[in-house]
Amino acid sequence: MALSKHINPDRLIRESKDKKSHHHHHLTGTDANSTSHPYGARYGTASIPRFHLPSKGTGAETTYQLIHDELALDGNPTLNLASFVHTWMPEPANKLMMENMSKNLIDQDEYPMTQKIHTQCVSILADLWHAPSTHQAIGTATTGSSEAIQLGGLAMKRLWQERRKAAGKSIHEPGPNIVMGANAQVALEKFARYFEVECRLVPISVESKYRLDPKKAMEYVDENTIGVYVILGSTYTGHYEPVKEMSDLLDEYEQKTGINVPIHVDGASGAFIAPFAHPKLLWDFKLPRVVSINTSGHKFGLAYVGVGWVIWRSKEYLPKDLIFELHYLGSVEYSFSLNFSRPAAPIIAQYFNFVHLGFEGYRSVAKDDLKNARLLSRALEKCGWYTVLSDIHRPKLNGLLQRSTQGTVGFDEENPENYVEGLPVVAFRFSDNFQEQYPEIQQKWIQTLLRTKGWIVPNYELAPDLESVQILRVVVREQMTEG
């Protein structure tokens with residue numbers, strides 16, 4: 001247990017300070033809830049209150065230096081191998097964001113060109129994901145995938161309610177449910193809890209590759225299922241869930257029962273990897289069962305944090321009563337997001353990437369990420385100490401490309417399409433042989449030892465039914481290279 005949990009550091013600091021003379025207390029008095037800084041003498045500042053507004057302000061340069069130094073104690077984003085969030089953009093993108101930092105996306109009448117860029121981004125993503133009509137694409141920017149998932153789930157719930165009412169059936173008894181794998185990220189479960197939808201978690205297994213098993217999922221589907229969340233890139237191991245297989249089973253279910261159960265694809269990470277690295281994979285709007293897709297622009301969309309997207313197949317899948325008409329911002333405007341005011345800069349950053357990188361640029365980044373992830377995976381396996389659970393370094397077993405044929409003429413080792421599809425994520429654990437040889441060594445120590453060097457590599461349990469298995473996970477982003 002951390003030492004800070006046994007002591008009160010604020011009290012110790014307060015009691016250890018020099019005692020001030022009461023005769024001059026009105027000049028040099030200190031506050032027990034303040035924090036002092038080594039620059040105090042140079043800048044002539046008093047201690048900064050921790051829990052209340054200071055009575056007097058401090059110069060801008062001084063304030064910058066003090067806060068800058070506090071933030072210097074944060075970790076180095078480059079060494080954070082736990083996060084999917086992108087942390088670097090070219091200097092021109094930084095300049096563009098600073099120039100537009102004050103713009104509010106919701107003020108469409110005041111910032112028409114910003115709104116145009118937003119609309120163009122929606123159309124670009126709709127085209128990338130093969131929506132039926134990209135010129136009339138329906139979608140919106142969000143704060144991230146969490147908000148986008150809520151919107152996708154709300155649309156499915158409202159459509160389910162409309163169908164139930166039209167059939168003269170109750171929408172309250174027994175009420176709606178949504179199906180997802182037990183490996184679902186917390187944002188998916190948040191939707192169910194916040195919007196009063198029963199969350200049906202499908203157990204995972206080694207056989208299902210630690211992700212949703214479509215056949216098992218069908219055991220949880222009934223007439224009250226508003227939809228199935230299918231994840232294109234599991235947070236735990238990076239595996240893509242089989243959208244096509246889930247879609248086929250729901251097609252068969254509808255043929256037998258007449259019940260239509262849609263799919264929302266959570267492509268928080270994978271929706272910016274699959275189109276470029278795995279273009280032949282069927283997962284998007286090419287499948288009629290897929291009605292909405294979300295992604296995070298601030299993950300493999302390569303923008304700074306603060307931008308996500310949700311796109312619907314067509315306008316019929318976004319119920320009209322979820323769209324609000326506004327008249328008090330200077331013109332008639334429409335809103336269908338959970339937030340109202342929203343910074344425009346992250347959307348502009350996303351558009352910068354679309355123009356700067358283009359399809360080939362995104363493909364190059366995705367291929368390079370996966371190449372480095374394969375390199376790390378193989379190195380971990382070759383050392384003999386680890387078992388790799390992710391599969392992006394394993395050739396597809398399709399009868400033609402077997403693992404033993406990597407040396408065969410014609411096998412392109414750098415083509416990600418020749419390997420099992422997935423995110424550039426490496427999930428691994430101690431090998432059984434290592435654990436037998438060194439039972440006294442705990443895997444979580446790896447996380448702790450790396451943290452002393454500044455590296456962040458999480459060690460955590462797998463999802464329910466496999467929580468006895470602990471894994472370490474590395475997210476290979478653009479900044480992580482062989483060197």
Side-chain angles (χ1 to χ4, degrees), residues 84 149 177-189 192 198-222 225 227-253 261 263-270 274 278 281-283 289 373 377 380-381 386-398 403 419-436 443-444 458-475:
F84 286 84
I149 285 166
N177 68 72
I178 190 163
V179 176
M180 64 189 84
N183 59 302
Q185 206 261 359
V186 67
L188 282 72
E189 293 188 58
E198 179 193 351
C199 182
R200 295 186 173 178
L201 296 176
V202 182
I204 64 167
S205 64
V206 175
E207 292 72 27
S208 71
K209 297 184 179 180
Y210 318 100
R211 61 184 183 181
L212 177 75
D213 182 335
K215 291 185 175 64
K216 279 187 180 179
M218 292 307 300
E219 299 172 12
Y220 294 78
V221 172
D222 59 29
T225 302
V228 179
Y229 277 145
V230 186
I231 305 169
L232 198 71
S234 171
T235 303
Y236 287 88
T237 60
H239 286 97
Y240 290 165
E241 292 186 339
V243 186
K244 176 66 165 60
E245 184 182 350
M246 190 75 249
S247 176
D248 290 345
L249 290 173
L250 289 171
D251 286 346
E252 294 174 10
Y253 181 76
V261 179
I263 288 175
H264 173 92
V265 175
D266 172 19
S269 296
H278 312 114
L281 183 69
L282 289 175
W283 67 274
R289 182 82 38 192
S377 299
L380 288 168
E381 287 188 333
Y386 298 101
T387 295
V388 177
L389 282 68
S390 45
D391 291 316
I392 45 90
H393 63 301
R394 307 189 203 285
K396 289 181 181 176
L397 302 179
N398 58 5
R403 181 166 187 167
Y419 299 88
V420 175
E421 296 91 352
L423 299 178
V425 167
V426 182
F428 55 104
R429 62 172 178 82
F430 280 158
S431 66
D432 293 340
N433 185 52
F434 182 89
Q435 292 181 67
E436 289 175 7
Q443 186 172 286
K444 65 182 181 181
N459 180 85
Y460 56 93
E461 298 83 14
L462 284 175
D465 275 21
L466 286 178
E467 57 264 77
S468 61
V469 179
Q470 290 189 355
I471 64 170
L472 294 152
R473 189 200 66 199
V474 169
V475 179

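Minimum interatomic distance between I471 and L389 (heavy atoms only, all atoms of both residues): CG2-CD2, 3.6 Å. Between W283 and A274, the shortest heavy-atom contact is NE1-CB, 3.7 Å. Nearest heavy atoms, H239 versus S390: CE1-CA, 3.9 Å. In plain terms, the two heavy atoms of C199 and A192 that are nearest each other are CB-CB, 3.6 Å.
In this view, K444 satisfies the salt bridge (Lys or Arg N to Asp or Glu O under 4.0 Å) rule with no residue, not counting sequence neighbours. Considering only residues two or more places apart in sequence or on other chains, S234 meets the side-chain contact (heavy atoms from CB on, under 4.5 Å) condition with N183, Y236, T237. Annotation: ring pair (Phe, Tyr, Trp, His ring centres under 6.0 Å) contacts of Y253 (sequence neighbours excluded): none. Checked against ring pair (Phe, Tyr, Trp, His ring centres under 6.0 Å), F430 has the following partners two or more places apart in sequence or in another chain: Y386, F434. For E467, there are no side-chain hydrogen bond (donor to acceptor under 3.5 Å, both in side chains) partners at least two apart in sequence or on another chain. Applying the side-chain hydrogen bond (donor to acceptor under 3.5 Å, both in side chains) criterion to E219, with sequence neighbours excluded, gives no partner residue. Partners of K216 by salt bridge (Lys or Arg N to Asp or Glu O under 4.0 Å), not counting sequence neighbours: none found. In this view, S247 satisfies the side-chain hydrogen bond (donor to acceptor under 3.5 Å, both in side chains) rule with no residue, not counting sequence neighbours. Contacts of D213 classified as salt bridge (Lys or Arg N to Asp or Glu O under 4.0 Å), with partners at least two apart in sequence or in another chain: none. Considering only residues two or more places apart in sequence or on other chains, E245 meets the salt bridge (Lys or Arg N to Asp or Glu O under 4.0 Å) condition with K215. In terms of the ring pair (Phe, Tyr, Trp, His ring centres under 6.0 Å) criterion, Y220 has no residue partners (sequence neighbours excluded). Qualifying side-chain hydrogen bond (donor to acceptor under 3.5 Å, both in side chains) partners for Q435, counting only residues two or more places apart in sequence or in other chains: none.
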Audit row: T387, F428, side-chain contact (heavy atoms from CB on, under 4.5 Å) steps and yes/no: CA-CA 6 Å; T387 295; F428 55 104; over 6 Å; no
